[in-house]
Amino acid sequence: MSATANWPHGLTRVPYWVYQDQDMFRTEQARVFEGPVWNFLCLESEIAEPGDWRATMVGSMPVVVARDADRTIAAFENRCAHRGALICLDDQGRGAKDFHCVYHAWRYDLRGNLKSVAFRNGVNGKGGMDAGFRLEDHRPRQLRTTTVCGLVFGTLSDGTPDIESYIGAEVLPRMERVIGGRQLEIIGRFTQVLPNNWKMYAENVRDSYHASLLHLYFATFKINRLSQGGGLIVSPDGANSVSSTIAPDVAVDSAYAGIRSVDDGFHLEDECMLDVVDEHPDRIRQHIVTVFPNFVVQKTQNAMALRFFTPDGVDKTNLEWIYFGYADDTPEMRTRRLRHLNLGGPAGYVSMEDGCVGGFVERGIAATPYRESLLEMGGSGTASQDTRATEAAVRGFWGVWRRIVGV
Ligand code: FES
Ligand SMILES: [Fe+2]
């Protein structure tokens, strides 16, 4: 049976086998992560000087991103051209002149070009490589890189459009609102393991419908309710999105009456978590910007973070959080950001639930690969809406994913 035959209902249904299928896992590595997409690699500030580098992942492919001597940014597969060992074993480094593979000491420059082979001419006149061996014939795969808003992205495809077109005119200004034109300073980072397929998290970050229902903290303390102003922008191709929540303008609303998550009797003894300073005239208190396939820029209250997530098997995902502030933050604002960052991360008052709900789905669908999830909130399309009671961005993700994967 063809994959398409198992997917009969357009974008309002997602068959569960797409989260479970081992062949699909390999297909999407080749067609999505190594296909016509921009993969987030690092912040420019992390590799500010020549010889600075970071190790990261493009899907399940290990990658090194480095600042070369001419200050350009290069990225290459973290895989020795000899027998495949990781070239860089650490997460990051500074001031490197070159990279040596630990296994047999093959040496690479900062762009991933092979520069020398140990004992190439043998030892004591014996052994060594054949006279026809050429260094330039052997190298790990090299990525094309680009930058936007102080972020570095990489792609293996010649068909990936420029990054501005890729993010799109609707979404890019909202990303710039949070990180454009400011010097960013990393103030913390985590990696957490999610017990679910990576696409469940790609759905979760686009799912503005769940935020005030799953996350009791949001609704109870009126940080994020769908009854507040806001909306959802979806890029015309469906790939990228922005969810916005505007500061509440009424003290009491009835939209949540009878919904399990909200008990208006609760309050915080210490309300410092609710002490928000509006840094933008639009009074948007939460902005979640997603970029296909696996990248998020977010601002909630005064906390800011980048998230990216990569598959580590069909039902395991590594989620990285990078917390940041602006370099010119006042000490008071920095303290406020750090305090509000307790909403995020693996044990965050809010994000804790996103860390486990994908596992609840994995367990629920374990025996039903050919049943389907239902995505009809807000209709069946992927257009932007002036409400967050919609799954339009989730449908948008699946539209792009299906086009790229070919199902
Ligand atoms: S595997 Fe890298 S030098 Fe042999
Ligand atoms: Fe969530």
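The structure presented is a predicted model; accordingly, all values stated were derived computationally and were not measured. Whatever order the structure lists ligands and atoms in, that order sets their numbers, starting from 1.
Residue Val58 comes nearest to Gln29 through the heavy atom pair O-NE2, 3.3 Å, listed as atom of the first residue, atom of the second, then distance.
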Q: Report the C-alpha distance between Phe153 and Phe295 in whole Å, list the side-chain angles of each, state the deciding distance to 0.1 Å, and finish with yes or no for ring pair (Phe, Tyr, Trp, His ring centres under 6.0 Å).
A: CA-CA 10 Å; Phe153 291 82; Phe295 181 64; 5.5 Å; yes

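Note that Arg225 lies in the cation-pi zone of Tyr256, set by a 6.0 Å cut-off to the ring centre and a 45° limit from the axis. Remark: Arg371 fails to qualify as a cation-pi partner of Tyr16 under the 6.0 Å distance and 45° angle criteria applied to the six-membered ring. By the 6.0 Å and 45° rule, Arg402 stacks over the aromatic ring of Trp7. A cation-pi arrangement is absent between Arg139 and Tyr108, since the terminal nitrogen or guanidinium carbon is not both under 6.0 Å from the aromatic centre and inside a 45° cone about the axis.
Excluding waters, the count of protein N/O/S atoms less than 2.8 Å from the Fe ion (ligand 2) comes to 4.
Around atom 4 (Fe) of ligand 1, the protein N, O or S atoms found under 2.8 Å comprise His82 ND1, His104 ND1.
Every residue two or more places apart in sequence or in another chain that forms a side chain to side chain contact (heavy atoms under 4.5 Å, CB included) with Asp315 is listed here: Glu362. In this view, Glu164 and Val148, Asp162, Leu172 satisfy the side chain to side chain contact (heavy atoms under 4.5 Å, CB included) rule, not counting sequence neighbours.
Residue Tyr103 qualifies as open at atom OH: its count of foreign heavy atoms under 6.0 Å is 12 or below.
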